[in-house]
Amino acid sequence: MDFQHVFARRTSRMKASEIRELLKLLDQPGIISFAGGIPDASYFPAEQFGAAYQAALSAETSATALQYSISEGYKPLRQWLAKEMQKLGVDCTVDNIMITSGSQQALDYLGKMLLSPGDTALINWPTYLGALGAFNAYEPRYDKLSINGNRSAADFAAAAEAEGGRVKFAYLSADFANPTGETVDQRGRENLIDLADELDCLIIEDGAYQSLRYDGEVIPPILALEIARKGSIEDCRTVYCGSFSKTLSPGLRIGWVCGAMPLISQMVLLKQAGDLHVSTINQMAINTVAETHFDQHVATLHSVYSVRRDAMLAALEEMMPKGVSWTKPEGGMFVWITLPAHLEANEVFKRALETEKVAFVPGQAFFADGTGKNTMRLAFSCADEATIREGIRRLSSVIKGLL
Ligand code: PMP
């Protein structure tokens, strides 16, 4: 049966994630994959989680662990997160924090809360594919975010009004973005706050990779800079979305939002209507592991991933032909490659998979306007140094062959 006619209009922009489709092709022996932007599972703190779940199910706490709980989230976890946010310069309380089912849910709820059809979301070209997926359901118009002052707030506002809506938010990852690995410097963050003030819109700061800085100078989150400027989180228009997915475990699906109380209260209403609350026992377990092992575990990840990043950058430098360029991330999981304009990453992908058994994600899917055909995302998080070197050797030979 054809069900299209019964689907709501909002489904028309929903499509299968290209990345998930690609990942299905990779289940063959001998493939070197730089495709999945996921943590290396061999470093999950499984033993600590085992003990934490067992403790949660003990006679004293099992009734709490297995029961419904409040939509805001498990309070001890919010207390721990409030302290972590304070360490980043975000002066906040538990009431400024709500727990979400991964930061992906925060993006969905923010889209639902802020976007009427035709409203404008300012995003980077390229941006996180999952953010486009989350926002698309709310039928926005996208405009290209610019924080270097070459487009005025009046210009953004006029373009949004011409389409019958207004600019509701700017969305970005300021640290080690997916897909580019790039970081926005402090001046860029300050410019963005100016722009949002002029547009009277929100800033959605995606901090999914924030904990994974391997070197370079720490730059405060946009929310921290805005609090420093305005005096209180209650006067701020930035909502910070955090996640445990890149640090402790993506499978537990735990993230959080941090922002002014009226924004959090509205998010709580969405959470109540959406799925009531995040799994109680998962929140308890993550709280226990975070309290006892977070810093130590993140330090381990830094040492593992930084060596892999260095291996990838060194191999690219040594083996890639002239005309190919790439980013030099200070953290996160990704290197972003730009090929000469006439070379299509889809072509490289097909050839690389068929002839050399090496995979990555072609970059076009990360562009809201379908450009970026000559770009590619490589994740360095899941392969050891020798494998990374061999993978880049294979990829370079495919690119040299196509040039
Ligand atoms: N934001 C970014 C930039 C991401 O890369 C991801 C995961 N790939 C997410 C949000 C969502 O992560 P989660 O829902 O697991 O917290």
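Count residues from 1 along the sequence. No hydrogens, no waters, no symmetry mates; every other heavy atom, side chains included, goes into these values.
- Shown here for Arg308 and Asp384, the closest heavy-atom pair between the two residues is NE-CA, 4.0 Å.
- A salt bridge links Glu390 with Arg394: the distance from a Lys NZ or Arg NE/NH1/NH2 to an Asp or Glu carboxylate oxygen falls below 4.0 Å.
- In this view, Lys230 and Asp197, Glu226 satisfy the side-chain hydrogen bond (donor to acceptor under 3.5 Å, both in side chains) rule, not counting sequence neighbours.
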With a cut-off of 3.5 Å and sequence neighbours excluded, list every side-chain donor-acceptor pair involving residues 88-97.
from  : atom 1 : to     : atom 2 : distance (Å)
Thr93 : OG1    : Asp95  : N      : 3.1
Thr93 : OG1    : Asn96  : OD1    : 3.3
Asn96 : OD1    : Thr93  : N      : 2.9
Asn96 : ND2    : Glu234 : OE2    : 2.8
Asn96 : ND2    : Gly259 : O      : 3.0

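- Taking the six-membered ring wherever Trp is involved, the centroid distance between the rings of Trp125 and Tyr142 does not fall below 6.0 Å.
- Taking both residues in full, the closest heavy atoms of Asp2 and His5 are given as O-CE1, 3.0 Å, listed atom of the first, atom of the second, then distance.
- In terms of heavy atoms, Met320 sits closest to Ser396 at CE-OG, 3.6 Å.
- Residues Leu115 and Pro140 share a closest heavy-atom pair of CD1-CB, 3.9 Å.
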Which side-chain N or O atoms in residues 46-60 pair as donor and acceptor under 3.5 Å with protein atoms at least two apart or in another chain?
from  : atom 1 : to     : atom 2 : distance (Å)
Gln48 : NE2    : His293 : NE2    : 3.4
Tyr53 : OH     : Asn282 : OD1    : 2.6
Ser58 : OG     : Ala55  : O      : 2.8
Ser58 : OG     : Thr61  : OG1    : 3.4

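- For an aromatic pair to be called close, the ring centres must be under 6.0 Å apart, and Tyr171 with Phe135 satisfies this.
- Using modelled atom types, one finds a donor on one side chain and an acceptor on the other under 3.5 Å when comparing Lys271 with Gln105.
- Applying the side-chain hydrogen bond (donor to acceptor under 3.5 Å, both in side chains) criterion to Tyr138, with sequence neighbours excluded, gives Asp108.
- Residue pairs meeting the ring-ring contact (aromatic ring centres under 6.0 Å, His included) criterion with at least one member in residues 184-225, sequence neighbours excluded: Tyr209-Phe334, Tyr214-His302.
- Looking only at atom types and distance, the side chain of Arg253 has no donor-acceptor partner in the side chain of Ser101 under 3.5 Å away.
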| salt bridge (charged side-chain N to carboxylate O under 4.0 Å, His left out) between Arg389 and Glu385, intermediate numbers included | CA-CA 6 Å; Arg389 198 175 157 74; Glu385 295 96 274; over 6 Å; no

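- Remark: the Glu356 side chain and the Ser397 side chain contain an N/O donor-acceptor pair separated by less than 3.5 Å.
- Not one N or O on the side chain of Arg166 forms a donor-acceptor pair closer than 3.5 Å with the backbone of Ala160.
- The one candidate from Asn124, Val361, Thr180 that meets the side chain to side chain contact (heavy atoms under 4.5 Å, CB included) condition with Phe366 is Val361.
- For Arg10, the salt bridge (Lys or Arg N to Asp or Glu O under 4.0 Å) criterion is met by no residue, not counting sequence neighbours.
- For the pair Lys144 and Asp369, the salt-bridge criterion is not met [side-chain N within less than 4.0 Å of a carboxylate O].
- Of all non-hydrogen atoms in Ile219 and Thr183, the two that sit nearest each other are CD1-CG2, 3.8 Å.
- Using a 4.0 Å cut-off between a side-chain N of Lys or Arg and a carboxylate O of Asp or Glu, Glu330 and Arg213 qualify as a salt bridge.
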